[in-house]
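Everything on this sheet refers to the single structure shown next.
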Amino acid sequence: MKETAEEKFARISAENLYGELCESDGFHQDDEVPEEFISEMMVKYESEIKDELRKAILDDLQNFSHAFTYHPDKDEYTYDDDLREDYEGIVTLYIREKFFGGKTKKLLLCKHCGSDNVEMKAWVKPNQGNKFSDFVSDQEGDDNYCLDCGQHGELLDSEIKYTAEVEGFQVVGIDGTDKEGDIHPDMQGSFCLYNLSQAREMIAKNPNEWRLLTLWTGDVEEPTLMFEGNPRE
């Protein structure tokens with residue numbers, strides 16, 4: 001069966017990007033993953049990495065998620081932005097998954113929304129460069145604050161996958177209200193993730209019924225990102 005223009009573009013782009021990353025010194029620099037390991041994985045899993053890139057590019061192309069331009073006279077596509085900048089992270093994550101395997105990390109998360117973007121009040125020594133002395137109280141008190149949902153309260157000891165990162169946010173019904181268990185009507189589906197400003201805009205319409213929910217890597221299977229860039233923008 002003949003390749004479609006979309007399939008051809010995704011395959012060739014994946015191959016070209018893979019080659020560029022293999023030749024790039026900058027790509028092989030990671031504070032936690034040795035350069036030798038990265039180089040080894042790039043060779044060992046060449047076909048798998050290319051396929052991950054191909055599927056991501058094809059999915060975005062079919063959903064018009066990025067700046068693709070179709071040229072009907074040639075029946076082909078071009079990419080109007082920096083392909084490496086937008087898709088290099090897929091390869092980075094793939095290799096980090098191989099390196100860290102089943103390792104986990106411990107974090108304190110907001111009990112209200114599940115975010116790690118939290119603060120705890122502390123005593124410092126002003127005459128010693130604000131050297132840390134002790135916490136004002138423990139993690140269960142109101143001296144803790146979440147910068148994402150804007151609430152005080154308990155911080156929960158949590159253990160999550162080492163490579164997990166905050167992918168985006170959703171807005172869901174507050175427990176105990178008629179909206180409990182529902183997603184906000186402005187959300188296009190339970191698989192959609194939004195950035196913080198988008199989520200706050202939804203919550204502002206009725207803060208007594210809706211709350212923020214932080215989604216981490218793996219929480220939503222094949223999520224659709226309804227934003228570009230940093231999820232906390």
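Worth saying up front: this structure is predicted, and the values here are computed from it rather than measured. For reference, positions follow the sequence shown, starting with 1.
Under the side-chain contact (heavy atoms from CB on, under 4.5 Å) criterion, Gln151 pairs with His112, Cys149, sequence neighbours left out. Not a single side-chain contact (heavy atoms from CB on, under 4.5 Å) links Asn127 to another residue, sequence neighbours left out.
Other residues, nucleotides and ligands contribute at most 12 non-hydrogen atoms within 6.0 Å of the NZ atom of Lys44.
No path of Ile, Leu, Val, Met, Phe, Trp and Tyr side chains, each step under 4.5 Å between heavy atoms, connects Leu213 with Tyr145, placing them in separate hydrophobic clusters. In the hydrophobic clustering of this structure, Leu196 groups with Ile183; members are Ile, Leu, Val, Met, Phe, Trp, Tyr whose side-chain heavy atoms approach within less than 4.5 Å, directly or through other members. Two different hydrophobic clusters hold Phe9 and Leu58 under the rule that ILVMFWY side chains link at heavy-atom gaps under 4.5 Å. Residues Met42 and Leu83 fall within the same hydrophobic cluster, defined by Ile, Leu, Val, Met, Phe, Trp and Tyr side chains chained together at heavy-atom separations under 4.5 Å. In terms of hydrophobic clustering, with Ile, Leu, Val, Met, Phe, Trp and Tyr side chains grouped at heavy-atom distances under 4.5 Å, Leu212 and Leu108 are assigned to different clusters.
Between Trp210 and Met202, the closest side-chain pair of non-hydrogen atoms is not below 4.5 Å. Within the 4.5 Å cutoff, the side chain of Arg200 has no heavy atoms near those of the Tyr194 side chain. For the pair Leu107/Trp216, a side-chain contact is recorded, criterion being any heavy-atom separation below 4.5 Å from C-beta on. Side-chain contact between Phe68 and Asp60: present, with at least one pair of heavy atoms (C-beta onward) separated by less than 4.5 Å. In this structure the side chain of Thr177 never reaches within 4.5 angstrom of the side chain of Asn208, judged on heavy atoms. Annotation: side chain of Thr104 is not in contact with side chain of Tyr162 (no heavy-atom distance under 4.5 Å).
Aromatic ring pairs are classed by plane angle as parallel below 30°, tilted from 30° to 60° and perpendicular above 60°; the pair Phe99 and Phe37 is perpendicular. Using cut-offs of 30° and 60° for the angle between ring planes, the Tyr45 and Tyr94 rings count as perpendicular.
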I'd like to know whether Asp143 forms a side chain to side chain contact (heavy atoms under 4.5 Å, CB included) with Met120, so could you lay out the CA-CA distance, the side-chain angles of the two residues, the decisive distance to 0.1 Å, and finally the verdict.
CA-CA 6 Å; Asp143 290 321; Met120 298 178 68; over 6 Å; no
Mind running side chain to side chain contact (heavy atoms under 4.5 Å, CB included) on Glu222 and Phe191 for me, showing each step along the way?
CA-CA 7 Å; Glu222 297 184 1; Phe191 52 86; over 6 Å; no
Can you check side chain to side chain contact (heavy atoms under 4.5 Å, CB included) on Tyr79 and Leu61, steps first, answer last?
CA-CA 10 Å; Tyr79 193 68; Leu61 193 154; over 6 Å; no
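Taken from CG in Asp116 to CG in Leu147, the straight-line distance is 10.0 Å, to the nearest 0.5 Å. To the nearest 0.5 angstrom, Tyr18 atom OH is 4.0 Å from Glu46 atom CD. The distance from the OG atom of Ser24 to the CD atom of Gln29 is 8.0 Å, given to the nearest 0.5 Å. Of the inter-residue distances, the one linking Ile95 atom CD1 with Phe27 atom CZ reads 4.0 Å to the nearest 0.5 angstrom. Between atom CD1 of residue Ile38 and atom OG1 of residue Thr92 there is a gap of 7.5 Å, rounded to the nearest 0.5 Å. To the nearest 0.5 Å, the span separating SG on Cys146 from NZ on Lys111 amounts to 12.5 Å.
Closest approach of Leu53 to Tyr87, counting heavy atoms only: CD2-O, 3.6 Å. Closest of all the heavy-atom pairs between Gly141 and Asn144 is O-ND2, 2.9 Å. Residues Asp75 and Ala5 approach most closely at O-CB, 3.3 Å, considering heavy atoms. The two residues Cys22 and His28 make their nearest non-hydrogen contact at O-CE1, 3.5 Å. Heavy atoms only, all atoms of each residue included: Ser115 and Val118 are closest at O-CG1, 3.7 Å. Counting all heavy atoms, side chain and backbone alike, Asp219 lies closest to Thr214 at OD2-O, 4.2 Å.
Counting only residues at least two apart or on different chains, the salt bridge (charged side-chain N to carboxylate O under 4.0 Å, His left out) pairs with a member in residues 8-23 are Glu3-Arg11, Arg11-Glu15, Glu20-Arg84. Applying the salt bridge (charged side-chain N to carboxylate O under 4.0 Å, His left out) test to residues at least two apart or on different chains, the pairs with a partner in residues 24-43 are Asp30-Arg96, Glu32-Arg96. Within the structure, salt bridge (charged side-chain N to carboxylate O under 4.0 Å, His left out) contacts touching residues 173-194 (residues at least two apart or in different chains) are Asp186-Lys205. Contacts classified as salt bridge (charged side-chain N to carboxylate O under 4.0 Å, His left out) and involving residues 145-170 (residues at least two apart or in different chains) are given here: Glu97-Lys161, Asp148-Arg232.
There is a side-chain donor-acceptor pair under 3.5 Å between Asn195 and Ser197.
For Ser133 (side chain) and Lys125 (main-chain N/O), no donor-acceptor pair under 3.5 Å exists by modelled atom type.
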